[in-house]
*Asks:* 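Would you mind keeping the following structure in view while I ask a few things?
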Amino acid sequence: MQTWLLAGAAFLGATGVGAFMLMGSAPPTPTPTVSIPEDMIWVTSQRLARHSCPSVACGIVGEFYYREGVQPLETRDGWVRVSKYYYASCTNGQSDYVDSGNAQCSQINGIVDGQFAEWVEASGLSAERPADPAEGATGLAKSIGGSDDFNLYRPLMLQAAQKLIDLNVCTEAQLAEWGGFFASVNLKPRKAYFAICGQERYYVDLTTMEVFQ
């Protein structure tokens with residue numbers, strides 16, 4: 001892997017999807033175009049863990065998704081720093097941002113003076129963006145082609161989208177506005193994804209095709 005220059009701001013998903021889901025905040029207003037910095041590199045793993053320091057022993061604060069873009073800020077021994085240093089939100093010696101693994105607010109976990117940055121394994125990144133699984137798609141497949149894990153579950157997501165339309169809770173235009181389905185972090189290990197239709201979120205379990213809110 002090439003050595004990337006220090007540049008740019010903190011990580012930015014190609015669609016911005018992973019960031020708002022993992023932080024648990026409300027989704028941003030969709031925008032029709034995204035300006036992609038020239039130094040952007042791309043996630044080739046289906047999920048790429050974001051660690052609090054350049055080691056698998058460090059806490060995991062979230063994950064990137066397949067084909068998301070990140071900006072490399074520093075490289076170190078097979079790891080890439082993809083965010084600026086920011087507040088670790090330490091409570092009783094534990095970081096509130098750590099989802100799993102080591103949550104200690106300590107130097108060994110990458111947290112110094114109450115701050116840390118996010119690191120990912122370089123093996124899960126590429127200078128070339130993976131092919132779009134929705135390339136050449138038409139109709140409903142094109143409308144939901146930006147879904148998380150669309151490359152894995154295209155037929156099931158098409159079935160789920162059609163079910164939401166048939167139930168009159170979503171329109172194809174509403175599904176297209178956000179690009180399709182987002183993976184639910186809180187409902188793991190269920191194969192649950194949600195779509196945003198108007199002001200509502202509708203979840204679908206791709207295993208059972210159950211629709212719920």
Side-chain angles (χ1 to χ4, degrees), residues 1-89 95 97-99 101 107 109-137 142 145-152 177-180 182-183 185:
M1 179 171 288
Q2 69 187 75
T3 299
W4 296 293
L5 299 177
L6 178 68
F11 67 87
L12 170 67
T15 64
V17 170
F20 84 73
M21 284 194 302
L22 296 169
M23 295 297 287
S25 60
T29 301
T31 52
T33 60
V34 176
S35 177
I36 300 176
E38 292 182 359
D39 59 346
M40 187 77 78
I41 53 178
W42 307 96
V43 176
T44 56
S45 303
Q46 203 65 34
R47 296 287 189 275
L48 184 61
R50 295 152 42 201
H51 290 266
S52 60
C53 78
S55 168
V56 293
C58 293
I60 297 175
V61 298
E63 54 191 12
F64 287 121
Y65 286 67
Y66 180 68
R67 296 189 79 244
E68 275 198 86
V70 302
Q71 284 186 298
L73 302 180
E74 180 184 350
T75 60
R76 185 188 304 174
D77 299 325
W79 289 78
V80 180
R81 179 165 66 87
V82 294
S83 82
K84 294 181 179 180
Y85 286 85
Y86 62 91
Y87 179 56
S89 186
S95 173
Y97 286 128
V98 173
D99 294 329
Q107 185 172 357
N109 199 31
I111 301 176
V112 180
D113 295 329
Q115 293 191 324
F116 75 102
E118 299 178 7
W119 295 78
V120 298
E121 292 186 86
S123 59
L125 298 168
S126 173
E128 298 295 326
R129 192 177 192 185
D132 183 355
E135 185 175 359
K142 182 178 180 179
S147 299
D148 293 335
D149 303 325
F150 190 68
N151 61 316
L152 295 180
E177 182 179 17
W178 291 98
F182 304 108
V185 175

*Asks:* Please round to the nearest 0.5 Å and tell me the distance separating atom CD of Gln71 and atom CZ of Arg81.
*Replies:*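 It is 12.0 Å, given to the nearest 0.5 Å.
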
*Asks:* List in chain and number order the residues that pass side chain to side chain contact (heavy atoms under 4.5 Å, CB included) with Val120, two or more places apart in sequence or in another chain; answer none if no residue qualifies.
*Replies:*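 So Val120 forms a side chain to side chain contact (heavy atoms under 4.5 Å, CB included) with Leu48, Arg50, Phe64, Val80, Val82, Leu125.
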
*Asks:* Are any of the side-chain heavy atoms of Asp77 and Pro54 separated by less than 4.5 Å?
*Replies:*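 Contact flag for Asp77/Pro54 side chains = no.
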
*Asks:* A quick test of your reading: do over 12 heavy atoms of other residues, nucleotides or ligands sit less than 6.0 Å from CD of Gln115?
*Replies:*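 Counting other residues, nucleotides and ligands, CD of Gln115 exceeds 12 neighbours.
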
*Asks:* Between Thr44 and Gly124 (side chain of the first, backbone of the second, donor and acceptor by atom type, cut-off under 3.5 Å), is there such a pair?
*Replies:*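 Answer holds: yes.
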
*Asks:* About how many Å separate CD of Glu118 and NZ of Lys84, when rounded to the nearest 0.5 Å?
*Replies:*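 It is 13.5 Å, given to the nearest 0.5 Å.
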
*Asks:* Please list, chain by chain and in numerical order, all residues satisfying side chain to side chain contact (heavy atoms under 4.5 Å, CB included) with Val56, sequence neighbours excluded.
*Replies:*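 Val56: side chain to side chain contact (heavy atoms under 4.5 Å, CB included) contacts with Trp79, Glu121.
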
*Asks:* Can you list the residues that meet the side chain to side chain contact (heavy atoms under 4.5 Å, CB included) rule with Ile60, with sequence neighbours excluded?
*Replies:*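 So Ile60 forms a side chain to side chain contact (heavy atoms under 4.5 Å, CB included) with Ala49, His51, Ser100.
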
*Asks:* Which residues pass the side chain to side chain contact (heavy atoms under 4.5 Å, CB included) test with Gln46, sequence neighbours left out?
*Replies:*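 Side chain to side chain contact (heavy atoms under 4.5 Å, CB included) list for Gln46, sorted by chain: Tyr66, Asp149, Asn151, Leu152.
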
*Asks:* Does any N or O in the side chain of Arg67 come within less than 3.5 Å of the main-chain N or O of Gly69, such that one atom is a donor and the other an acceptor?
*Replies:*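 Here the side-chain-to-backbone pair does not exist.
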
*Asks:* Counting the benzene-type ring for Trp, do Phe116 and Tyr86 have ring centres under 6.0 Å apart?
*Replies:*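 Yes.
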
*Asks:* Where is the tightest heavy-atom contact between Arg47 and Ala183, given as atom of each residue plus distance?
*Replies:*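 Closest pair (atom of Arg47, atom of Ala183, distance): NH2-CB, 3.7 Å.
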
*Asks:* Do Ser95 and Ile111 pass the side chain to side chain contact (heavy atoms under 4.5 Å, CB included) test, and can you show the C-alpha distance, the side-chain angles, and the key distance before you say yes or no?
*Replies:* CA-CA 9 Å; Ser95 173; Ile111 301 176; 3.8 Å; yes

*Asks:* Hey, what do you get for CD1 (Ile41) to OG (Ser126), rounding to the nearest 0.5 Å?
*Replies:*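 Going from CD1 on Ile41 over to OG on Ser126, the span is 8.5 Å.
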
*Asks:* Name all residues meeting the side chain to side chain donor-acceptor pair (under 3.5 Å) criterion together with Ser52; count only those two or more places apart in sequence or in a different chain, and write none if there are none.
*Replies:*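 By the side chain to side chain donor-acceptor pair (under 3.5 Å) rule, Ser52 matches Asn109.
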
*Asks:* In Å and rounded to the nearest 0.5 Å, what is the OG to OH distance from Ser147 to Tyr65?
*Replies:*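 So the gap between those two atoms works out to 12.0 Å.
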
*Asks:* Taking the side chain as everything from C-beta on, heavy atoms only, tell me whether Cys58 gets closer than 4.5 Å to Trp119.
*Replies:*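 Side chain of Cys58 against side chain of Trp119, heavy atoms only: no contact under 4.5 Å found.
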
*Asks:* Applying side chain to side chain donor-acceptor pair (under 3.5 Å), name anything that partners Ser89, two or more places apart in sequence or on another chain.
*Replies:*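 Only Asp96 meet the side chain to side chain donor-acceptor pair (under 3.5 Å) criterion with Ser89.
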
